[in-house]
Each structure stands twice: as C-alpha cells, then as structure tokens.
Amino acid sequence: MPDHPTEDRLSTLLQAEVYWTARAMQEQGSRFYRALGTALEAADLGNRRRLYAAWPDEFWDFYRRGLRLREGSGEG
C-alpha cells in the first residue's frame, strides 16, 4: 500500500476497523503506545479523530502493522 498524504491517511484511518490498529499498538508498542491503543479502542469517532490528528505518522505506522497482523491471522 503506497503512502498517502495526511488527509488521505486520516480518511483511511477513520474508515478502518479500529481493532487491528489497537491490537498492533498493544502488542508491539511501548508502554505509551499500548496505552494509546487502549484509548483508541475506547474512543468514539470524535476522539479517534483527535488521536489520529495528534499523532498521524505513529497511528499510520500501527495501522499498517495492524494490516499485517490481520493478514497473518487469516482474516485479511
């Protein structure tokens, strides 16, 4: 998947299933990112938008890691 400009990334993140991104953060991230993954799972749409806007590159990285986790699980 090619990299996208920030607005395209935000749109993709907002439309994507939260589970895999949050799971990648919780399994592969530092303590800080594990906590953000938990917050992401609990967030409503407005708060997800705030999280993604605050750390766009980091969430994009974990989104892509989540896609790999999903593919590895056979659900991709």
Evaluate the criterion side-chain contact (heavy atoms from CB on, under 4.5 Å) for residue pair Trp20 and Leu67; output intermediate values, then yes/no.
-> CA-CA 7 Å; Trp20 291 104; Leu67 291 177; over 6 Å; no
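Going from atom CD of Gln28 over to atom CG of Leu69 covers 5.0 Å, rounded to the nearest 0.5 Å. The structure places OG1 of Thr12 at 10.5 Å from CD of Glu7, a figure rounded to the nearest 0.5 Å.
Arg64 contributes no side-chain N or O that, together with a main-chain N or O of Trp60, makes up a donor-acceptor pair within less than 3.5 Å.
Smallest separation of non-hydrogen atoms from Leu51 and Ala43: CD1-CB, 4.3 Å. Between Thr21 and Phe59, the shortest heavy-atom distance links the atoms CG2-O, 4.2 Å. A pairwise comparison of heavy atoms in Gly37 and Ala22 identifies O-CB, 3.5 Å as the closest pair.
In the hydrophobic cluster analysis, where Ile, Leu, Val, Met, Phe, Trp and Tyr join through side-chain heavy atoms closer than 4.5 angstrom, Tyr63 is grouped together with Leu40. Under the 4.5 Å side-chain heavy-atom criterion for Ile, Leu, Val, Met, Phe, Trp and Tyr, Tyr19 and Leu45 are members of distinct hydrophobic clusters.
Sorted by first and then second residue, the salt bridge (charged side-chain N to carboxylate O under 4.0 Å, His left out) pairs involving residues 52-63 (not counting sequence neighbours) are Arg9-Asp57, Asp61-Arg65. Annotation: salt bridge (charged side-chain N to carboxylate O under 4.0 Å, His left out) contacts involving residues 10-19, sequence neighbours excluded, are absent. Counting only residues at least two apart or on different chains, the salt bridge (charged side-chain N to carboxylate O under 4.0 Å, His left out) pairs with a member in residues 20-45 are Arg23-Glu27.
Below 30°, between 30° and 60°, or above 60°: for Phe62 and Tyr33 the angle between ring planes is between 30° and 60°, a tilted geometry.
With sequence neighbours excluded, the residues satisfying side-chain contact (heavy atoms from CB on, under 4.5 Å) with Arg49 are Leu10, Leu14.
Between the side chains of Ser11 and Gln15, a donor-acceptor pair is found at a separation under 3.5 Å.
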